[in-house]
Amino acid sequence: MPDVGFRKWLGVEYEVKEDGHAVVGLNLTDDMRNLRGVAQGGVIASLIDIAMGNAAGGGDYETRMRPVVTLELKVNYLAAGTGDRLTAR
């Protein structure tokens with residue numbers, strides 16, 4: 001099943017899809033930036049959530065070994081998401 005909806009809008013690219021390890025990235029668009037020109041916190045949190053789900057589930061929708069769902073997510077932002085691309089490992 002290909003990405004649809006929000007993940008499709010984000011333009012998520014799956015670089016590594018292994019059981020217990022995932023690397024996903026996206027190219028930042030103007031719609032994903034706040035007034036300061038850095039990544040919206042929700043975009044960063046979403047990318048983290050997608051990476052966690054892929055690692056915990058053993059891959060994306062096509063390669064997933066087990067179903068997973070995020071029950072709670074807390075992110076402590078240490079710096080702004082800058083540049084043209086974000087990557088979560």
Side-chain angles (χ1 to χ4, degrees):
M1 170 194 297
D3 278 344
V4 295
F6 186 60
R7 286 209 243 193
K8 184 177 181 180
W9 178 81
L10 282 174
V12 175
E13 297 173 3
Y14 301 89
E15 300 171 23
V16 177
K17 300 182 285 185
E18 299 173 355
D19 192 15
H21 179 70
V23 178
V24 297
L26 59 79
N27 294 318
L28 282 174
T29 65
D30 289 342
D31 290 340
M32 297 175 186
R33 299 176 189 273
N34 64 20
L35 294 175
R36 292 180 171 184
V38 299
Q40 290 277 0
V43 171
I44 296 170
S46 296
L47 192 61
I48 293 167
D49 184 44
I50 293 166
M52 288 186 330
N54 285 320
D60 65 9
Y61 284 123
E62 296 175 2
T63 62
R64 183 155 290 158
M65 300 168 66
R66 60 198 153 270
V68 296
V69 63
T70 302
L71 297 178
E72 185 174 340
L73 175 65
K74 180 179 185 306
V75 178
N76 292 315
Y77 299 94
L78 303 177
T82 60
D84 294 324
R85 184 164 177 82
L86 296 177
T87 303
R89 301 176 190 275

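FYI, side chains are in, hydrogens and waters are out, and symmetry mates aren't considered; it's all heavy atoms of this structure. In this chain, numbering begins with 1 at the start of the sequence shown.
- Closest of all the heavy-atom pairs between Gly53 and Val68 is O-CG2, 3.5 Å.
- Arg36 contributes no side-chain N or O that, together with a main-chain N or O of Ala80, makes up a donor-acceptor pair within less than 3.5 Å.
- Although no hydrogens or angles enter the test, the distance criterion places no donor-acceptor pair under 3.5 Å between the side chain of Tyr14 and the main chain of Val23.
- A heavy-atom distance below 4.5 Å is not found between the side chains of Val43 and Arg33.
- Here Ile48 contributes atom CD1 and Leu86 contributes atom CG; the two are 9.5 Å apart, rounded to the nearest 0.5 Å.
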Verdict with supporting geometry, Leu28 and Asp84, side-chain contact (heavy atoms from CB on, under 4.5 Å): CA-CA 5 Å; Leu28 282 174; Asp84 294 324; 5.7 Å; no
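- The cluster map of Ile, Leu, Val, Met, Phe, Trp and Tyr, joined by side-chain heavy atoms under 4.5 Å apart, puts Phe6 and Ile44 in the same cluster.
- To the nearest 0.5 angstrom, Asp49 atom CG is 5.5 Å from Leu73 atom CG.
- Using a 4.5 Å heavy-atom threshold, the side chains of Leu26 and Met32 count as touching.
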Verdict with reasoning, Arg85 to Glu15, per salt bridge (charged side-chain N to carboxylate O under 4.0 Å, His left out): CA-CA 13 Å; Arg85 184 164 177 82; Glu15 300 171 23; 2.8 Å; yes
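- A salt bridge links Asp19 to Arg66: one of the charged nitrogens lies within less than 4.0 Å of a carboxylate oxygen.
- Looking only at side-chain heavy atoms (C-beta outward), Ile50 and Leu10 come within less than 4.5 Å of each other.
- Between Leu47 and Thr87, the closest side-chain pair of non-hydrogen atoms is not below 4.5 Å.
- Here the closest heavy-atom approach between residue Ala22 and residue Asn54 is recorded as CB-CB, 3.8 Å.
- Across all non-hydrogen atoms, the minimal contact from Ala45 to Val75 is CB-CG2, 4.1 Å.
- Using a 4.5 Å heavy-atom cutoff, the side chains of His21 and Val16 are in contact.
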